[in-house]
Enquirer: 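The following block contains the structure, expressed as structure tokens.
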Amino acid sequence: MIFLTYDFVWFALTFLGVYSLTRWPQARLLLLIAAGVWFQAIYGGVASLSIVLILSAISYAAARTENKTVICIGIAACVVTLLYCKYMLFLASSLLAPFLPVSTGAIESWLPSVIPLGISFFTFEFVHYLVDVYRGDTPVRSIRDFGSFILFWPTMISGPIKRYQQFIPAMHHGIKARSSSDAMQGLIRVAIGLTKKWGADNLTGLINYAEPHLHQQPLALRWIFLIAIAARILLDFSGYSDMAIGYAKVMGITVPENFNWPYLARSPIEFWQRWHMSLSLWIRDYVYIPLGGNRLGVPRRIINALAAMTICGLWHGAAWNFAVWGFYHGIGLATATGLQRAFSETTPGPVVSFAGWLATMIFVSVGWLLFFYPIDKAVTIAKMLVIP
Amino acid sequence: MKPIPFFLGLVIGLFSLSIVGWSIQNTPLAQSFVRFHTYNNAEAGFLTTAAELATIIDQQPPPRAYIIVGGSSVLNGVGQSRDLVWTRRLQNLLGKDFVVLNFANRAGGPIDFGSVAAEMLLRQHRPVIYVADANETVYANNPRTSFYRHMLFDGWLRSYLLPWPPRDAYLRWAAFDGAEGVRNVALGEWLNSFLRFNELWNYITFNFVGLQWNNMMTAKSFSPFRRRSDPGASPEVSRTTRYTGNNDAELATVASQAGRPIERMIASASLTEQFVPLQLRSITLVVVDLLSPYYLDLLPGSREALLARATEQQTAMQKMGFNKVMIPAKDFTADDYADRVHLSVEGGDKMAAALAPVVRQMASDLGYLR
């Protein structure tokens, strides 16, 4: 909730004021990097900043060598850091604990007490950069450009996950040619994001209050509760993205959109084309396609979708419910792809489209229970939706 | 849309809201104030500002001495109904020469609402006695963790607080404090000192519409605060529900409190030195709270241990320059309590009776009755 603190209000007012008054593009670029360092140090701590800087140095140096072995080592360093900082306790306590001679508490004491701020986002950006260079793209030569890509504070904590090929030209355009119109559009976007967050926080209070009494409520109210959860998750995520996109726009920098009316989707496939788009595209490009994508037959395609979506689920949090949520969506995607192929010859009419939308919304909303609650509680609430 | 009209509108809009905030900051919200409402806290989205305290004080006809009560839920009168709260009894006993204002609050302490109000009166050279409570080891609540730490910053930025160098230094640098909770409050109150959005927010929430859903007020979250009564439990209900909590948990709390080490008192004393100006201490009457004999008697030796520690606290606080330190509950019985720590109506009456002559004597000694 960093964007909703007074701390941040002062940071943003100071930064955007100085940024607006600075006319020299290179000074703006340096200011952008300095603000990113400050943001990471203040909100994440010095340890968090150190990890970002070390991984930045490794990624930058590895890419500059353009040596595939070195780049692979760089990718491994990023993935290992992510696993160590975010997933080691989960892996150790859920998978290794039965075979280890030490307690979970002992394992916990070996691990870092604080997860670096935005680690899921910045490691994915490092991996994207290194993989693209591995595949033949040109590495970034300028340390300042690379620094601005990694330390761009609006997207540091909750995305959107940027692509350097798109971001660096957009950043140069912003620092040279930011207009008052950009600032206006950006502030409007921030206001939209804040309004969504206000809605989400109100719904959070309502959901937390209603959940223990759910079993006493009629079926209709239980479904309204589910709709409230679905609305809360959308407003929360997209509100944060709106604010990030808005702050970037105030600087004149356009970053990718993250949400495109996901609750209008008529199938799980369409849902993932509209929901958290920067993440779903990343999963497609750096997990699903390398696993074989659609190329190796139907069974393999289904396995690839399940694996990619499980990873996508785990990316949201180190707990089993997120993994199951991802797997659930993997099943949905595989089923929807199968249905789409079976009926590819026919154009869906309005009734079929509506049925597709309704089924997708039920599928997605029930899935949010797994996202919001531990598995056993999610299953209990899901049962309450059908059993009076 | 053109940018210049947009930014002009933004600035004018912000400026207008700020003007409204400034202009309504001294508008009385509570009428016939008795004590803080149960929902007067951050969880319910309502935190009284220093200006609102000043307004409540200025609503009273000028007395010979203001008796400002601050501190915790014990002095707020949790366990007593609004009509029978102990500060009303104290007011009756003291008579019209005194105005008793109860600014103690649930989860509050002696350096939030009450102390800010008392210091404001001291700065204005108005006659005031401050009554606050302590437990057997702790007086000052740590502003880093206090539920109502906003009040200290608000009061300081409005120049309501007495000059006190160690505290001033802390408040001046709190915006750079490592603890996010303190930094955030300090920066928020600083921003509010220019824009007065907290006052505007409270005014709207109190008079027109609640602005956020919250667990405390459930389905009526959005109704205005002025429509909410808070009579408190009647004496009959309090009597029937007395000591019906989880006895094991209560006994464990009593045991840990009775066995608290002296180091805790020393740490608390340094906080007192840092945050309580000597001038405030010189007009402060401290009430050291005790726990209910209902539980103490179930734990052999705990009553004596607690009383011994409370007496040590009394001596230590006297040495620190507090005008008077009392342990009025020494002889209270289980019936004088509503639960482990809060007083019943009978207990509240006893406390008021014990405090009234002391307050009158203090007022006389301080020259207020001349």
Side-chain angles (χ1 to χ4, degrees), chain A residues 1-14 16-17 20 38-39 41-47 114 117 178-191 194-195 197-213 217 221 228 231-232 235 249-250 252, chain B residues 1-11 13-14 17-18 39 42-47 149-150 153-154 157 174-198 201 204-205 209-223:
Chain A
M1 297 286 180
I2 288 170
F3 287 170
L4 302 180
T5 59
Y6 289 121
D7 228 9
F8 176 76
V9 171
W10 282 104
F11 167 82
L13 284 175
T14 310
L16 295 173
S20 302
W38 173 265
F39 189 89
I42 289 291
Y43 297 112
V46 177
V114 178
L117 184 72
R178 191 204 73 144
S179 65
S180 51
S181 180
D182 288 333
M184 177 189 73
Q185 288 171 29
L187 287 176
I188 291 172
R189 193 68 185 266
V190 170
L194 279 170
T195 310
K197 283 295 288 181
W198 177 80
D201 288 348
N202 272 304
L203 284 172
T204 305
L206 183 68
I207 291 162
N208 289 343
Y209 172 72
E211 188 269 318
H213 313 291
Q217 305 299 324
L221 277 180
R232 186 258 175 214
L235 291 172
K249 192 68 183 170
V250 173
Chain B
M1 201 193 302
K2 296 261 168 62
I4 289 176
F6 170 81
F7 285 111
L8 207 59
L10 196 70
V11 171
L14 196 63
L17 288 172
S18 173
Y39 296 154
E43 283 173 333
F46 194 96
L47 280 174
R149 55 185 173 267
H150 75 288
F153 291 99
D154 191 9
L157 288 162
F176 304 98
D177 194 298
E180 193 188 330
V182 175
R183 202 171 66 216
N184 208 27
V185 171
L187 290 168
E189 289 298 335
W190 195 28
L191 200 61
N192 187 59
S193 68
F194 303 116
L195 301 176
R196 295 283 176 245
F197 48 84
N198 283 339
W201 177 280
I204 293 170
T205 303
V209 59
L211 294 170
Q212 67 188 56
W213 201 95
N214 68 75
N215 281 352
M216 295 190 78
M217 292 182 290
T218 61
K220 292 183 177 170
S221 292
F222 297 103
S223 71

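Since this is a predicted model, take the numbers as computed values, not measurements. All heavy atoms count here, side chains included; hydrogens, waters and symmetry mates do not. Chain letters run A, B, ... following the sequence lines, proteins first, then strands; residues in each count from 1.
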Enquirer: Compute the centroid of each ring, for A/Tyr6 and then for B/Phe197, and state whether the two points are separated by less than 6.0 Å.
Expert: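 Here the rings of B/Phe197 and A/Tyr6 have centres that are less than 6.0 Å from each other.
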Enquirer: Surrounding CH2 of B/Trp190 (heavy atoms of other residues, nucleotides or ligands, distance under 6.0 Å), is the total greater than 12?
Expert: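 Counting other residues, nucleotides and ligands, CH2 of B/Trp190 stays at 12 neighbours or fewer.
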Enquirer: Might you point out which heavy atoms bring B/Lys2 and A/Met184 nearest each other, and give the distance in Å?
Expert: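 Answer, listing the atom of B/Lys2 first, then A/Met184: O-SD, 3.7 Å.
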Enquirer: With A/Asp201, which residues qualify under salt bridge (charged side-chain N to carboxylate O under 4.0 Å, His left out), at least two apart?
Expert: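 Applying salt bridge (charged side-chain N to carboxylate O under 4.0 Å, His left out) to A/Asp201 gives none.
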Enquirer: Taking atom CH2 as the centre, does A/Trp38 end up with more than 12 heavy-atom neighbours from other residues, nucleotides or ligands that are less than 6.0 angstrom away?
Expert: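 Not buried by this count: 12 neighbours or fewer within 6.0 Å.
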Enquirer: Does any backbone or side-chain atom of A/Ile42 lie under 4.5 Å from a heavy atom of chain B? Answer side chain, backbone, both or neither.
Expert: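 Both parts, heavy atoms under 4.5 Å.
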Enquirer: What pair of heavy atoms forms the shortest contact from B/Leu191 to A/Trp10, and how long is it?
Expert: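 Closest pair (atom of B/Leu191, atom of A/Trp10, distance): CD1-CZ2, 3.4 Å.
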Enquirer: Measure the CZ-CD1 distance between B/Phe6 and A/Ile188 for me, rounded to the nearest 0.5 Å.
Expert: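 These two atoms lie 4.5 Å from each other.
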Enquirer: Parallel, tilted or perpendicular: which fits the ring planes of B/Trp213 and A/Tyr209, with parallel below 30° and perpendicular above 60°?
Expert: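 Aromatic pair B/Trp213/A/Tyr209 classed tilted.
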Enquirer: According to side chain to side chain contact (heavy atoms under 4.5 Å, CB included), who are the partners of A/Arg189, at least two apart in sequence or on a separate chain?
Expert: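 In terms of side chain to side chain contact (heavy atoms under 4.5 Å, CB included), with neighbours along the sequence ignored, A/Arg189 is linked to A/Asp242, A/Ile245, A/Glu257.
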Enquirer: If you take all heavy atoms of A/Tyr43 and B/Arg183, which pair is closest and at what distance?
Expert: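 Here A/Tyr43 and B/Arg183 meet closest at CE2-NH2, 4.3 Å.
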Enquirer: Given a strict heavy-atom distance threshold of 4.5 Å, which part of B/Leu211 is in contact with chain A: side chain, backbone, both, or neither?
Expert: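 Only the backbone of B/Leu211 comes within 4.5 Å of chain A.
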Enquirer: Would you mind checking which part of A/Ala183 comes under 4.5 Å of any heavy atom in chain B, side chain (CB onward), backbone (N, CA, C, O), both or neither?
Expert: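 The answer is both parts of A/Ala183.
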Enquirer: Quick one: does any side-chain atom of B/Asn184 pair with a main-chain N or O of A/Asp7 as donor and acceptor, under 3.5 Å?
Expert: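 Checked: pair present.
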